[in-house]
Amino acid sequence: MTAAIYPGTFDPITCGHIDIARRAAEIFDRLVVGVYDVPAKKLLFSTEERVWLAARALDDIGNVEVTSFGGLTVDFARKAGAKVIVRGLRALSDFEAEMQLAHFYRKMAPELDVVCLMSSLEYGFLSATMVKEIISLGGQSEGLVPDFVADAIRQEYARAKEASPRR
Ligand code: ADP
């Protein structure tokens, strides 16, 4: 049985992430989606919210679990009993960063391997950052994130605006 992890920030999960998770779940026997708890970037959602949104988006796939993690990704992979770290590649610009990450993972944990899946054509330019900006400006969310994720983004921005009206 081959288990894999799919780590990321997922702030929030998008149709691009869902596509990668679905495809990885067909390749591996078990996929653990790992929501990184405190990345360096500024987040819209808490760890619990990101886990909840991702779990709901993927709940129809039997061999996928969603959980949060902290610390080193390779330690998370080991604890999950995984041999593979799945990542998604959109444009060439993703490649350099992913290559660097993969080298670090191999250095720290030679028993693990990184498998990068190419994004599907329709999600090649989709990023969580872009989706948040489009939705906060009143744009359409269709084909970018599930409706319940779009609602959560709108609510979060409305809450932020209420807390600080001049933003
Ligand atoms: P990170 O902060 O680790 O980059 P993200 O949540 O942004 O985490 O993404 C997790 C993984 O999913 C990364 O490998 C990223 O390249 C990939 N990914 C993000 N968006 C897409 C997309 N639209 N298509 C394919 N892969 C994607």
Side-chain angles (χ1 to χ4, degrees), residues 3-28 30-58 61 64-77 79-80 82-109 112-136 139-150 152-153 156:
I5 60 160
Y6 177 30
T9 308
F10 304 107
D11 183 48
I13 191 160
T14 69
C15 292
H17 295 129
I18 295 169
D19 176 58
I20 296 292
R22 242 176 234 295
R23 288 160 54 201
E26 296 216 351
I27 300 171
F28 302 104
R30 184 169 153 254
L31 183 74
V32 185
V33 174
V35 176
Y36 186 46
D37 60 0
V38 275
K41 36 187 168 179
K42 194 169 171 286
L43 300 173
L44 183 61
F45 293 103
S46 70
T47 307
E48 293 71 27
E49 288 166 333
R50 287 178 290 134
V51 168
W52 188 83
L53 292 169
R56 181 164 169 195
L58 301 170
I61 318 175
V64 174
E65 296 153 43
V66 182
T67 181
S68 62
F69 76 100
L72 292 174
T73 302
V74 294
D75 289 338
F76 172 58
K79 275 186 208 133
K83 284 262 167 284
V84 175
I85 300 175
V86 172
R87 298 285 290 173
L89 283 184
R90 285 160 293 189
L92 198 60
S93 50
D94 276 344
F95 181 80
E96 212 170 313
E98 294 299 339
M99 183 86 175
Q100 195 178 19
L101 261 182
H103 283 306
F104 274 113
Y105 293 155
R106 290 284 283 176
K107 196 165 170 51
M108 290 184 279
L112 298 177
D113 232 316
V114 175
V115 170
C116 289
L117 298 181
M118 304 304 142
S119 110
S120 294
L121 209 52
E122 61 268 45
Y123 305 128
F125 292 96
L126 187 54
S127 72
T129 304
M130 203 182 71
V131 171
K132 286 181 281 191
E133 192 163 348
I134 290 170
I135 293 178
S136 74
Q140 292 285 330
S141 61
E142 204 185 318
L144 307 180
V145 287
D147 288 346
F148 71 90
V149 174
I153 294 173
E156 216 41 58

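Values below: all heavy atoms of this structure, side chains included; hydrogens, waters and symmetry mates excluded. Starting from 1, each residue takes its place in the sequence as its number. In each ligand, atom 1 is the first atom listed, and ligand 1 is the first ligand listed.
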Check: Of the protein's non-hydrogen atoms, which lies at the shortest distance from atom 9 (O) of ligand 1, and what is that distance?
Finding: H17 NE2, 3.3 Å

Checklist line | From S46 atom OG to D37 atom CG, the distance as rounded to the nearest 0.5 Å | finding: 11.0 Å

Notebook entry, point to check: So which heavy atom in the protein is nearest atom 8 (O) of ligand 1, and how far is it from that ligand atom?
Noted result: T9 N, 3.1 Å

Note to self: Let me confirm one number: the OG1-CZ distance from T73 to R87, rounded to the nearest 0.5 Å.
What the structure shows: 7.5 Å

Next item on the list: Take the angle between the ring planes of F10 and H17 and call it parallel below 30°, perpendicular above 60°, tilted in between.
Entry: perpendicular

Checklist line | Carboxylate-amine/guanidinium contact D19 R23, below 4.0 Å | finding: yes

Notebook entry, point to check: Going by distance only, is there an N or O of T14 that falls short of 3.5 Å from an N or O of ligand 1?
Noted result: no

Notebook entry, point to check: Heavy atoms only: which of R87, R90, R23, M118 is nearest to atom 21 (C) of ligand 1?
Noted result: R90

Next item on the list: Could you list which atoms of ligand 1 come closer than 4.0 Å to a heavy atom of F10?
Entry: 6 (O)

Notebook entry, point to check: Which pair of heavy atoms, one from G88 and one from D94, lies closest together, and at what distance?
Noted result: O-OD2, 4.1 Å

Check: Of A128, G88, S120, which has the heavy atom at the shortest distance from atom 17 (C) of ligand 1?
Finding: G88

Next item on the list: Mind listing the closest non-hydrogen atom pair of V35 and T47 along with its distance?
Entry: CG1-O, 4.4 Å

Item checked: Non-hydrogen side-chain atoms of Y123 and I18 separated by less than 4.5 Å -> no

Item checked: Option among V86, I20, V84 that satisfies the side chain to side chain contact (heavy atoms under 4.5 Å, CB included) test with L31 -> V86

Item checked: Side chain, backbone, both or neither: I20 near ligand 1, heavy atoms under 4.0 Å -> side chain

Notebook entry, point to check: Does Y6 reach ligand 1, in the sense of a heavy atom lying below 4.0 Å from it?
Noted result: yes

Notebook entry, point to check: Does any N/O atom on L126 come nearer than 3.5 Å to any N/O atom on ligand 1?
Noted result: yes

Notebook entry, point to check: Short list, please: which atoms of ligand 1 are under 4.0 Å from a heavy atom of Y123?
Noted result: 22 (C), 23 (N), 24 (N)

Margin query: Heavy atoms only: which of P12, S119, A97, C15 lies closest to atom 24 (N) of ligand 1?
Written below: S119

